[in-house]
K.L.:
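One structure, pasted below without further comment.
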Amino acid sequence: MTNLELGFWSFPVLLLMIFLRAPIGLAMLLCGFGGWYLAMGGNPTPLLSKLKSETYTTFSSYSLSIIPMFLLMGQFATLSGMSQALFKAAESFLGHRRGGVAMAAVGACAGFGAICGSSLATAATMSKVALPELRRYGYSGGFSTATLAAGGTLGILIPPSVILVIYAILTEQNIAKLFLAAFLPGVLAAIGYVITISIYVRLNPKSAGVRPAVPMGDRFKALANTWPVLVIFFVVVGGIYLGWFTPTEGAAVGAAGTGLAALLAGSLNWAVLRESLMGTAKTTGMIFFIVLGAGFYNGFLALSGVPQFMADWVVGQGYSPWFVLVVILVFYLIFGCLMDSLSMIMLTVPIFFPVISAMDFGMSTEHLAIWFGILVLIVVEVGLITPPVGMNLFIINSMDRETPMTETYKAVMYFVGSDIVRVIILVMFPAITLFLLP
C-alpha cells in the first residue's frame with residue numbers, strides 16, 4: 001500500500017474512532033502514530049524520533065502561550081460577576097422593547113465574548129444571569145434557550161478568540177490581523193440576532209412579555225458598572241492593533257487586568273483564584289493534547305501527500321473556486337453538528353486550506369487565508385446551534401431542564417437562518433471581512 005493510500009484510509013479509521021467516543025486528540029494521535037509506523041515500513045526509530053521532536057516543538061512554541069492567557073482571562077471574567085453587569089446594562093437600555101430582554105442577552109453575550117474566547121463558557125455564564133430574567137418577564141422556554149445558545153456563539157467570533165489563534169498557528173497567519181478581520185462579522189452577527197429576535201416576537205407574540213422602562217439615570221449608572229470590561233477590551237485589542245504589545249503579551253495583560261478588576265470589585269478571593277487556575281489548566285491541557293494529536297496526524301498526512309493531491313485534483317477538475325468554497329462550507333456546516341469547533345478546525349484546515357490556497361479568488365494570499373478563516377469560524381459556530389447535536393443547545397438545556405429540547409430546536413432555527421444569511425453576505429462581499437485590514 002502506497003503512502004497516499006495510507007493517508008486516504010486513515011480518514012475512515014479516524015471517523016470510526018471518533019464515533020466510538022474516543023477523544024479527538026487521542027484518535028488523531030493514534031492515527032498519526034500508526035500512519036507514520038506503516039509509512040516507515042514498520043521501522044520504529046523514525047517514529048520515536050518524531051515523537052520526541054514533535055512534542056518539544058509543539059509545546060515550546062511561543063505562539064501557543066497565548067491560549068492559557070486568554071483562557072485565564074475568560075475564567076476570571078466568568079467567575080467574577082462581570083457577566084451580570086453587562087446584562088444589567090444591556091437590559092436597562094433594551095429591556096422595555098418587544099423582545100428587549102432577549103436582545104439584551106445577545107448584547108451581553110457580545111460584550112462578554114470580547115473578554116472570553118470560548119463559546120461554551122459564554123453560553124453557560126450568560127445563561128446563569130439571563131435565564132431567570134427571561135422567565136420573570138414571560139419569555140417562552142424554547143425562545144429563551146435558543147437565544148442564549150445563539151448568543152453564546154459570539155464568544156468565539158468576537159476577538160479575542162482561541163479558535164482564531166489555533167487557525168492562525170495552523171495556517172501561519174498574523175493573529176492580530178485575524179482578530180481585526182473578525183470584528184465586523186462579529187458585530188454583523190449580533191445585529192442579525194437582534195433582528196431575528198424582533199422578527200420572532202412579531203410572529204410569536206405570546207413568546208415574550210414586556211418590562212417597564214428604566215429611568216435614564218439608572219441606565220447610565222448600569223452602563224458605568226461595565227467599565228472593567230470596556231477598559232480591558234480596548235486595552236487588549238487596541239494595544240495589539242496599535243502595536244503596543246504582541247498578541248501573546250496582550251493576552252497576559254488581559255488576564256492580569258481581568259484579575260485586577262475582579263479583585264477591586266471584591267469578587268476575587270482564594271477560592272475563585274484557585275478555581276480559575278484549575279479551570280484554565282484543565283482546558284489548556286485538553287487543547288494542547290488535541291494540538292499534539294493534530295500535529296502527529298497532520299504530519300502523517302503531509303508525508304502521505306494527501307493535501308497536495310487533493311489540491312491538485314480539485315484544480316485539475318476545473319471547478320469554479322466559488323463552487324469549491326461553497327462545498328467546503330456546507331461540509332463544515334454538517335459536520336459542525338457532530339464535532340466541537342476546535343476539533344473541526346484542527347482536523348480539516350490542514351486539508352482544506354491547501355485546496356483553497358490553490359484557487360484564484362482575485363485577492364492576495366494573505367487576504368484569502370484571513371477571509372477563509374473567518375468564514376470557517378462562522379460556519380463551525382453555526383454547527384454549535386444546529387440540531388440535533390449542537391453543543392451550545394445541550395449546554396443551555398442542561399441549565400433549563402423544564403424546557404423540552406424540541407422547543408429549543410424550533411426556536412433556534414430562526415437564528416440558524418440568520419447565520420446562513422450572514423455567511424452568504426460575507427461570501428458575496430469579502431470586503432466586509434477585509435475592510436479594516438491594511
K.L.:
Indicate yes or no: at least one non-hydrogen side-chain atom of Val380 is less than 4.5 angstrom from one of Ile163.
P.N.:
no

K.L.:
Please check: side-chain N/O of Tyr139 versus main-chain N/O of Val101, any donor-acceptor pairing under 3.5 Å?
P.N.:
yes

K.L.:
Please tell me if the side chains of Leu164 and Ile374 come closer than 4.5 Å, counting only heavy atoms from C-beta onward.
P.N.:
yes

K.L.:
Of Tyr200, Tyr409, Tyr137, which meets ring pair (Phe, Tyr, Trp, His ring centres under 6.0 Å) against Phe143?
P.N.:
Tyr200

K.L.:
Between Tyr241 (side chain only) and Leu180 (backbone N and O only), is there a donor and an acceptor less than 3.5 Å apart?
P.N.:
yes

K.L.:
Ser161 vs Tyr167, test: side-chain hydrogen bond (donor to acceptor under 3.5 Å, both in side chains). Steps then yes/no.
P.N.:
CA-CA 10 Å; Ser161 168; Tyr167 177 85; over 6 Å; no

K.L.:
A side-chain contact here means heavy atoms from C-beta on lying under 4.5 Å apart; do Phe300 and Phe33 qualify?
P.N.:
no

K.L.:
Quick one: pull up CZ in Phe296 and CG in Leu30 and give me the separation to the nearest 0.5 Å.
P.N.:
10.5 Å

K.L.:
So, do Thr284 and Leu72 sit near enough that their side-chain heavy atoms are less than 4.5 Å apart?
P.N.:
no

K.L.:
So, does Thr125 use its side chain to make a donor-acceptor pair with the main chain of Thr122 at under 3.5 Å?
P.N.:
no

K.L.:
Under a 3.5 Å threshold, yes or no: a donor from one side chain and an acceptor from the other, between Arg202 and Ser198?
P.N.:
yes

K.L.:
Within the supplied structure, the quantity of interest is the number of heavy atoms (other residues, nucleotides, ligands) at a distance under 6.0 Å from Glu249 CD; does it exceed 12?
P.N.:
yes

K.L.:
Could you tell me whether the side chain of Pro350 reaches within less than 4.5 Å of the side chain of Leu301, counting heavy atoms only?
P.N.:
no

K.L.:
If we ignore hydrogens and angles and just use 3.5 Å, is the side chain of Trp371 paired with the main-chain N or O of Leu426 as donor and acceptor?
P.N.:
yes

K.L.:
Check whether any side-chain heavy atom of Val327 sits under 4.5 Å from a side-chain heavy atom of Tyr319, and report yes or no.
P.N.:
no

K.L.:
Give a yes or no on whether the ring-centroid distance for Phe352 and Tyr332 is below 6.0 angstrom.
P.N.:
yes

K.L.:
Can a side-chain donor-acceptor contact be found between Ser207 and Ser140 if the only test is distance below 3.5 angstrom?
P.N.:
no

K.L.:
Look at the rings of Phe183 and Phe233 and say which category their plane angle falls in: under 30° parallel, 30 to 60° tilted, over 60° perpendicular.
P.N.:
parallel

K.L.:
Below 4.0 angstrom, N of the basic side chain to O of the carboxylate: do Arg219 and Glu91 qualify?
P.N.:
no

K.L.:
Quick check: does any side chain N or O of Thr283 sit under 3.5 Å from a backbone N or O of Thr280, one acting as donor and the other as acceptor?
P.N.:
no

K.L.:
Do Leu223 and Phe93 have side chains that get closer than 4.5 Å, going by heavy atoms?
P.N.:
yes

